[in-house]
Protein chains: 2
Amino acid sequence: MHSPVGIRDVAEHAGVSPGTVSNVLNRPEKVSAATRAKVEAAVRELGFVRHGSAATLRAGHSKTIGLSVIDIGNPFFTDVTAGVEEVASDLGYAVILSNSAGSRTKEERNLLVLAEQRVRGVLITPSDEDPTRLDRLRERGIMVVLVDHPAHRPDQCSVAVNDIAGGTTAVTHLRSGGATSIAYVTGPLTIRQCIDRRAGAERALGGAELRVIEMAAMTPRAGQQAAAKMIAEGDLPDAIFCANDLLALGMLRGLTHAGIRVPDDVALIGYDDIDFAAASAVSLTSIRQPTHQLGRVATELLLDECDHPDTHAHQQIMFQPELVIRESTR
Amino acid sequence: MHSPVGIRDVAEHAGVSPGTVSNVLNRPEKVSAATRAKVEAAVRELGFVRHGSAATLRAGHSKTIGLSVIDIGNPFFTDVTAGVEEVASDLGYAVILSNSAGSRTKEERNLLVLAEQRVRGVLITPSDEDPTRLDRLRERGIMVVLVDHPAHRPDQCSVAVNDIAGGTTAVTHLRSGGATSIAYVTGPLTIRQCIDRRAGAERALGGAELRVIEMAAMTPRAGQQAAAKMIAEGDLPDAIFCANDLLALGMLRGLTHAGIRVPDDVALIGYDDIDFAAASAVSLTSIRQPTHQLGRVATELLLDECDHPDTHAHQQIMFQPELVIRESTR
DNA sequence: CCACAACTTTGAAACGTTTTTCTAAGTCGG
DNA sequence: CCGACTTAGAAAAACGTTTCAAAGTTGTGG
């Protein structure tokens, strides 16, 4: 049936002790070239595969990390995930993926599963500001790196993009195009990104009022609903700033469908610059973030913290977003 | 530092034996209501979290499954992944994600990691036809369900979509629009999906020649390159069938950029009907697949096989794709 | 030729659960 | 009130690794 070939079978087959096999597996430099070769041959012949759980149990730490994102369907997070997977897999770590889908309950449940699996560390885009869940993880010896969320404290790593600057850039761009009344279509204002982008937008407005339309989700569907709502209410702004490209794409479809022209009647700007922003009906002006990089750097920080806990220096990295101008604001 | 609170601490605190605590955790019905309450209280007070590796080691099987996809950046796989994560997380399973990125070497390495983690089962979209890797897994007692790939054998589960029918539908649609010369832009012809869609296309053509342009990747970038190549070579077909929407989107951009109008000069059809197909510059006709469903059903089959190995009946499920007509073929 | 250092290898004790066997304590019909 | 039956809980033996002290093996200089 299944293969009960353990480290002791290998040891026997190679004529050494189990301890030596373990050394070959984990500290090859500690063992002489001759025995190493013998053991490696035995491993190959017997098709031995180390039992990770046993190793984890004994060693006290595993070769897995957790990744908790808010919406796996959003290309932004997909790109981050791809970056994470790349470097984790390069360093021999497995990635356990969990999707909080914006629900705090689900996030909590997922973190429990991760804790049970004794992941070495967790990369998380927290769904709210409350740090107690993460502190609890840290108490358990699980490293935590915040992704797309700046750390407020110096004793933890984080990788983020300056969303306030991004919001300011977006609205400044809209104003420079002549817009005077500007609406901000956003996801839940419990999400830091949405809050910061609004703050940045308000800063760029310098006192003038920002009309805020808050949706429950940040999907194309929600964007389309927002469009319907604004049209129904009758007074359209000169320009719309959407908190992400998914909302913007939905908004674009909703507006176009109602015969409202972008950018002639309303200018539109999104956020994230996902691949598809450039390919949309009216190509979308957006705020680009170094997504892939975000995932890579976060993982590098986490694994550095895991593998070299003594030399590791916590870092709070903040990338700057970049304006990409396309048709939707011309 | 970290929390060494184990099952025996809980037992002591609750005044019972470790075995009883284990029973409360795993077979609550086997223990009297009173002791159960005591134990549960102790668990809560001590903040006990079960050590998954120890459980796995002793029990011989884990609460994790592996998911191996070909391109995590492709919305098709993202949707599948979301479906997988949903049902796995519902049933208390953790999902280990790995991305083969089309590389057989990487896929193999990832499967090894999954085997080491002693995942209960693996959901995989294989990057080629060779079944030996998967047989090796099965020998180890790891269940395998093929995703987006029909099983050739009755002793394994699979969930797929009829790609031959999809290819036929696509090309039939193009011909009914008046196209006579048709090109097929595809990813590597080692990938089953690409092969089958071509076969379907050829069937619809009934002997007429299908011009095949094979690219190394199935990304927007590759699509754009394909466009450049076709334009450089000078003779454009009446219609282009792309093996996925990513290619089609890139193709669309490449054509538009060169001043070629879609659908007036060339009709264009994609495959997958990702969310963004509807939002593109010229909205994209595509072949829709029940992606989310694919992930859900595959996971349900896998977990059924894991949790009820005796009553489980292997199934090879084949969904039918659906034509979605938009501007790019009008 | 010996003492000592440097390097290898061994053997046994963990790691924290689950599982199986067994004992003690109830329960019930005759 | 006694034996047969049921049930709750306890005790101890795994599971397959890693780790660490100790033993063994070489090699070197005096």
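Labels below follow one simple rule: chain letters A, B, ... track the order of the sequence lines, proteins then strands, and each chain is numbered from 1.
Identified under the side-chain hydrogen bond (donor to acceptor under 3.5 Å, both in side chains) test for residues 66-85 of chain A, with sequence neighbours left out: A/Glu85-B/Lys106. Applying the side-chain hydrogen bond (donor to acceptor under 3.5 Å, both in side chains) rule to pairs touching residues 51-60 of chain B yields nothing, sequence neighbours excluded.
Under the rule for a side-chain contact (heavy atoms from CB on, under 4.5 Å), the partners of B/Ala101 that lie at least two apart in sequence or sit in another chain are B/Asn99. Evaluation of the side-chain contact (heavy atoms from CB on, under 4.5 Å) rule for B/Leu294 yields B/Phe76, B/Val80, B/Asp148, B/Val159, B/Val161, B/Phe319 as partners, not counting sequence neighbours. Under the side-chain contact (heavy atoms from CB on, under 4.5 Å) criterion, B/Asp155 pairs with B/Arg153, not counting sequence neighbours. Shown here are the side-chain contact (heavy atoms from CB on, under 4.5 Å) partners of B/Pro188, two or more places apart in sequence or in another chain: B/Thr190, B/Ile191, B/Glu214, B/Met218.
Axis deviation across the helix from C/dC1-D/dG30 to C/dG30-D/dC1 amounts to 40°, comparing end segments of five pairs, rounded to 10 degrees.
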Considering only distance and modelled atom types, tabulate donor-acceptor pairs under 3.5 Å from the side chains of residues 4-18 of chain B, sequence neighbours left out.
| unit_1 | atom_1 | unit_2 | atom_2 | d |
| --- | --- | --- | --- | --- |
| B/Asp9 | OD2 | B/Gly6 | N | 2.6 |
| B/Ser17 | OG | B/Gly19 | N | 3.4 |
| B/Ser17 | OG | B/Thr20 | N | 3.4 |
| B/Ser17 | OG | B/Thr20 | OG1 | 3.3 |

Check: residues 299-306 of chain A side-chain donor-acceptor pairs under 3.5 Å, at least two apart:
| unit_1 | atom_1 | unit_2 | atom_2 | d |
| --- | --- | --- | --- | --- |
| A/Thr299 | OG1 | A/Gly295 | O | 2.7 |
| A/Asp304 | OD2 | A/His312 | ND1 | 2.6 |

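A salt bridge links A/Arg104 and A/Asp130; the closest N-O separation between the charged side-chain nitrogens and carboxylate oxygens is under 4.0 Å. Salt-bridge check for A/Glu107 with A/Arg133: passed, with a basic side-chain N closer than 4.0 Å to an acidic carboxylate O.
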Would you tabulate the nitrogen or oxygen pairs shorter than 3.5 Å linking the protein to nucleotides 22-25 of chain D?
none

So which protein nitrogen or oxygen atoms get under 3.5 Å of nucleotides 6-12 of chain C's nitrogens or oxygens?
| unit_1 | atom_1 | unit_2 | atom_2 | d |
| --- | --- | --- | --- | --- |
| C/dT9 | OP1 | A/Ser32 | OG | 3.1 |
| C/dT9 | OP1 | A/Thr35 | OG1 | 2.9 |
| C/dT9 | OP2 | A/Ser32 | N | 3.2 |
| C/dT9 | OP2 | A/Thr35 | OG1 | 3.1 |
| C/dT10 | OP2 | A/Ser17 | N | 2.8 |
| C/dT10 | OP2 | A/Ser17 | OG | 3.3 |
| C/dT10 | OP2 | A/Thr20 | OG1 | 2.7 |

So which protein nitrogen or oxygen atoms get under 3.5 Å of nucleotides 14-16 of chain D's nitrogens or oxygens?
| unit_1 | atom_1 | unit_2 | atom_2 | d |
| --- | --- | --- | --- | --- |
| D/dA14 | N3 | B/Arg58 | NH1 | 2.9 |
| D/dC15 | O2 | B/Arg58 | N | 3.4 |

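Counting to the nearest Å, the P atom of D/dT17 and the CG atom of A/Asn26 are 11 Å from each other.
At a threshold of 4.5 Å between non-hydrogen side-chain atoms, the residues A/Arg109 and B/Ser89 count as touching.
The minimum heavy-atom distance linking A/Ala88 with A/Val95 is given by the pair CB-CG2, 3.5 Å.
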